[in-house]
Number of protein chains: 2
Amino acid sequence: MLKISKKADYALMALQHIALVQFGDVTPGRVVNTKEIAEEYNIPLELLAKVLQALSKNGMIESHNGPKGGYLLARNASHITIAQILESIEGPLGLTDCSHEKDGDFCMQREHCNIRTPLLKVQDSIYQLLNSMTLQDMMGGTPLITIQSPSTQGVNR
Amino acid sequence: MLKISKKADYALMALQHIALVQFGDVTPGRVVNTKEIAEEYNIPLELLAKVLQALSKNGMIESHNGPKGGYLLARNASHITIAQILESIEGPLGLTDCSHEKDGDFCMQREHCNIRTPLLKVQDSIYQLLNSMTLQDMMGGTPLITIQSPSTQGVNR
DNA sequence: TGATCTCCGATCTAATAGGTCGGACTAAAG
DNA sequence: CTTTAGTCCGACCTATTAGATCGGAGATCA
């Protein structure tokens with residue numbers, strides 16, 4: 001349960017790779033093209049291309065056209081959070097369909113629904129977790145993250 | 001992203017309803033049948049039945065056959081966690097396919113995968129969160145039973 | 001014994017994830 | 001200024017799964 005998609009998976013791998021090349025390497029500032037990443041991690045080329053396009057469109061990376069072109073991180077790895085990456089690919093975080101319902105767009109159960117509020121609290125906690133971790137944290141030694149339980153924050157009402 | 005299934009949604013609603021009837025009501029100990037829940041929350045009857053069967057099979061509730069039959073919580077609401085409920089319906093928590101891979105059952109990217117370890121940490125944090133919240137916590141108006149100190153969080157079993 | 005339940009497996013279909021294809025555009029190198 | 005290697009973009013196909021349905025078997029109690 002709560003699985004992220006393969007595309008999101010690929011996005012994380014690709015960004016981590018780009019970040020490594022750009023910062024940790026002997027050739028800082030080098031652009032990375034789709035093919036290089038696809039071959040390194042055994043990712044279908046065309047699918048990865050779509051993922052990178054989405055990341056580019058959402059401002060995670062910059063694309064450079066033409067030969068010797070490729071991708072660069074749009075900003076420092078410490079300013080790109082896991083939440084931002086995942087949302088670029090899979091859309092906004094939401095445990096349930098009703099997470100982002102506008103007024104007058106209710107689900108069939110909304111009238112007597114008793115779980116919406118507590119689930120929103122859980123969702124918020126998960127969001128904080130994903131947003132507190134950055135690409136930087138995924139490079140090399142990763143620190144253990146802690147999460148605040150909503151049950152300590154007054155879930156009821 | 002990270003949406004839980006409708007079935008899991010229904011499971012949470014149903015259990016919350018059963019818990020309310022059983023403990024907070026004027027008729028404590030009363031059994032609750034599938035139809036009652038389905039009508040109250042506009043859930044397709046047959047689908048809800050399957051959900052309740054799964055919950056019963058996984059020890060969340062007890063089923064009582066025959067007329068005047070129905071379901072009862074298998075144990076106190078404070079001892080049923082959200083994680084247990086969700087896993088009864090959707091299977092074990094896992095952000096990626098490789099979360100529960102046995103030896104020799106690797107994904108195509110495993111060889112150079114750089115995100116597996118950090119994602120497992122995230123996953124563990126989410127699990128702790130879902131496991132720290134109980135059915136009791138989802139019943140409005142009722143007092144919380146377990147209050148976790150923030151300083152004790154993030155500790156692995 | 002009949003009515004009313006739960007139980008259980010088979011099945012259908014609608015949505016989505018995963019993956020593919022083909023062509024348009026762009027920029028650097030010859 | 002032409003060629004070529006790369007990104008860009010959108011349509012498309014397919015396999016899997018979630019969501020929902022159906023029919024009958026077995027249990028229980030009046």
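All chains are named by letter (A, B, ...) in the order of the sequence lines, taking the proteins before the strands, and each is independently numbered beginning at 1. What you see is a predicted model, and the numbers here were worked out from it, not measured in a lab.
- Between Lys6(B) atom NZ and dT21(D) atom P the separation is 13 Å, expressed in whole Å.
- Atom CD1 in Ile4(A) sits roughly 13 Å away from atom P in dA17(C) (whole-Å rounding).
- With hydrogens and angles ignored, the 3.5 Å screen pairs a side-chain donor or acceptor of Ser88(A) with a backbone N or O of Gln84(A).
- Put simply, CD on Gln22(B) and CG on Leu72(B) are 4.5 Å apart, with the number rounded to the nearest 0.5 Å.
- Side-chain proximity of Asn65(B) to dA11(D), dA20(D), dG26(D): nearest is dG26(D).
- Summarising the geometry, the separation between CG on Leu2(A) and P on dA18(D) is reported as 12 Å, rounded to the nearest angstrom.
- Map Leu52(B) and Lys3(B) each onto its nearest nucleotide of DNA chain C; the residue landing nearer the 5' end is Leu52(B).
- Between the P atom of dT26(C) and the CG atom of Asn33(A) lies a distance of 20 Å, rounded to the nearest Å.
- Of the candidates dT6(C), dT7(D), dA27(C), dA27(C) carries the atom nearest the Pro67(A) side chain, counting heavy atoms from C-beta on.
- Close to dG19(C), at under 4.0 Å from its OP1 or OP2, lies a side-chain N or O of Tyr10(A).
- For Lys50(B), counting side-chain heavy atoms from C-beta on, the closest listed nucleotide (dG18(C), dA10(C), dT7(D)) is dA10(C).
- Residue Lys7(A) is in sugar-phosphate contact alone, with no base atom involved, counting any heavy-atom pair closer than 4.0 Å across all strands shown.
- Look at Ser5(B) and you'll find a side-chain N or O under 4.0 angstrom from OP1 or OP2 of dG19(D).
- Look at CG on Leu45(B): it is 13 Å from P on dA20(D), rounded to the nearest Å.
- Atom NZ in Lys68(A) sits roughly 12 Å away from atom C1' in dG30(C) (whole-Å rounding).
- For the pair Gly70(B) and Asp97(B), both in contact range of DNA chain C, the more 5′-proximal nearest nucleotide belongs to Gly70(B).
- Remark: Thr34(A) is not in phosphate contact with dG6(D), judged by side-chain N or O atoms under 4.0 Å from OP1 or OP2.
- Distance alone, capped at 3.5 Å, places no donor-acceptor pair between the Glu90(B) side chain and the Ala8(B) backbone.
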- Applying side chain to side chain contact (heavy atoms under 4.5 Å, CB included), run through Tyr10(B) and Ile37(B) and close with a yes or a no. CA-CA 10 Å; Tyr10(B) 297 157; Ile37(B) 302 175; over 6 Å; no
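- The distance from atom CD1 of Ile85(B) to atom CG of Leu12(B), rounded to the nearest 0.5 Å, is 5.0 Å.
- In this structure, Leu47(B) atom CG and dT11(C) atom C1' are separated by 14 Å, rounded to whole Å.
- As a whole-Å value, the separation of Glu62(B) CD from dT28(D) P is 13 Å.
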